[in-house]
Participant: 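Can you keep this structure in mind? I'll have questions shortly.
In listed order, ligands and their atoms are each counted from 1. If you read the sequence from its start, that first residue is 1, and numbering goes on from there.
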Amino acid sequence: MQAQDIASWHPLAVALGGVAYFAAIYLAAGLIGGGVRAVLLRAGRARALDPRRVPAGQVAREWRQSALSIVIFGAGLLLPWWMVVHGWAAVHASNPPARVLIELLALLVWNDIHFYAVHRTLHHPRLLRAVHMAHHQSVVTTPWSTYAFHPVEALLLGSVAIPPMLVWHFTPLALALLPVLSLTYNVIGHANFRALPRRWQWLSNAHDHHLHHACHRGNYGFLFTFMDRWLGTQLPPDAARAVIDAGLARETREARDAAPGAVR
Ligand SMILES: [Zn+2]
Ligand SMILES: [Zn+2]
C-alpha cells in the first residue's frame, strides 16, 4: 500500500469506514464472547468469576456507551490517515507474514504499557469521578462492558497506535489486526467466566480484570501483568472474595425479603 493510495481516500470514507469496522468487530466479539460463555457455563465447563447479579439496565447502558466509543474509535482513524497523508507516518508497502507477526507482538507489548499509563492515571480520584467511573459502573462485567467508556477515555485509549506509527512504518495488516487482537482480549477480560485450567491462565486476562472491577483498584494492566508486577499494583488472586461474599449474602437477604409472605 502506497501513501498516495491512502491520500486518495476521502476523509468521510475513512471516518465512516472506521466506524463500520469497529462496529463490526465489536458486535462479532461481543456475540461470540457472550455465546461461548453461555455454552460453557451451561455445559459446566466454565464458572462465573463474579457470580453476583448484573443490575437491570446495565447492558442497555453499556450498549449506549459502547456505541459512542465505536464512533470515536472509527472517526479517530482520521488522525493516522492525516499523519500518512502529510508525511508524519508511513505504512509498509506489503504484508510479509514474519514482519506482521513481530509487529503485532511489539504492538501488544506497547498496548499494555499505554493502557497501564492511561488506566492508572484515570484512577486519580478526580479523574476517576469525572471520567473513569463511567466504565466502573459495571462492577459485575459483561462482554458489552468492553467499550463502555466515557468519551474522554475512548479518545485516550484510541490513541494507542499513534506514537509507534511516528517511529516505525508498520504493515497495514498489523495495524488492522491490532484492534481485533486487543478487542478479543478485552472481551475475554470482561466476559466474566473462567474456562482455562490454572496452568494456562497466563493466556488470559479474565481473572485479573475481573478483580480490578470487583475491587475498583489494582491490576491496571491489559493482557500482560508485567507493569503491575514492576509497579507493585498486582492484586492477590482472592482480593475480591470478601466483597463478592458480602454481595451474595445481600442478594440472598433481598430475595428472602421480597418473597411472598416474608415478614417485614
Ligand atoms: Zn479502572
Ligand atoms: Zn474493564
Participant: Is there side-chain contact between Leu107 and Phe170, with heavy atoms separated by less than 4.5 Å?
Facilitator: yes
Participant: Just wondering, is there an N, O or S atom on His136 that's nearer than 2.8 Å to the Zn ion (ligand 1)?
Facilitator: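 Within the cut-off used here (under 2.8 Å), His136 does place an N, O or S atom near the Zn ion (ligand 1).
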Participant: Round to 10° and report the angle made at the Zn ion (ligand 1) by NE2 of His132 and NE2 of His123.
Facilitator: 100°
Participant: Which of the N/O/S atoms in His212 sits closest to the Zn ion (ligand 1)?
Facilitator: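 Distance check against the Zn ion (ligand 1) picks out NE2 in His212.
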Participant: State, to the nearest 10 degrees, the angle whose vertex is the Zn ion (ligand 2) and whose arms point to NE2 of His135 and NE2 of His209.
Facilitator: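 Reported to 10°, the angle equals 160°.
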Participant: Can you tell me if, anywhere in His119, an N/O/S atom lies at a distance from the Zn ion (ligand 1) that is smaller than 2.8 Å?
Facilitator: yes
Participant: Do His213 and His136 pass the ring pair (Phe, Tyr, Trp, His ring centres under 6.0 Å) test, and can you show the C-alpha distance, the side-chain angles, and the key distance before you say yes or no?
Facilitator: CA-CA 6 Å; His213 276 268; His136 275 281; 5.0 Å; yes
Participant: What class does the angle between the rings of Trp144 and Trp63 fall in, given that below 30° is parallel, 30 to 60° is tilted and above 60° is perpendicular?
Facilitator: tilted
Participant: Any N/O/S of His216 under 2.8 Å from the Zn ion (ligand 1)?
Facilitator: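 Given the 2.8 Å cut-off, His216 does not count as a ligand of the Zn ion (ligand 1).
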Participant: Tell me if the aromatic rings of Tyr26 and Tyr147 count as close, with their centers under 6.0 Å from one another.
Facilitator: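 Ring centroids of Tyr26 and Tyr147 are less than 6.0 Å from each other.
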Participant: Do the side chains of His216 and His123 get nearer than 4.5 Å, heavy atoms only?
Facilitator: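 Not touching, per the 4.5 Å side-chain cut-off.
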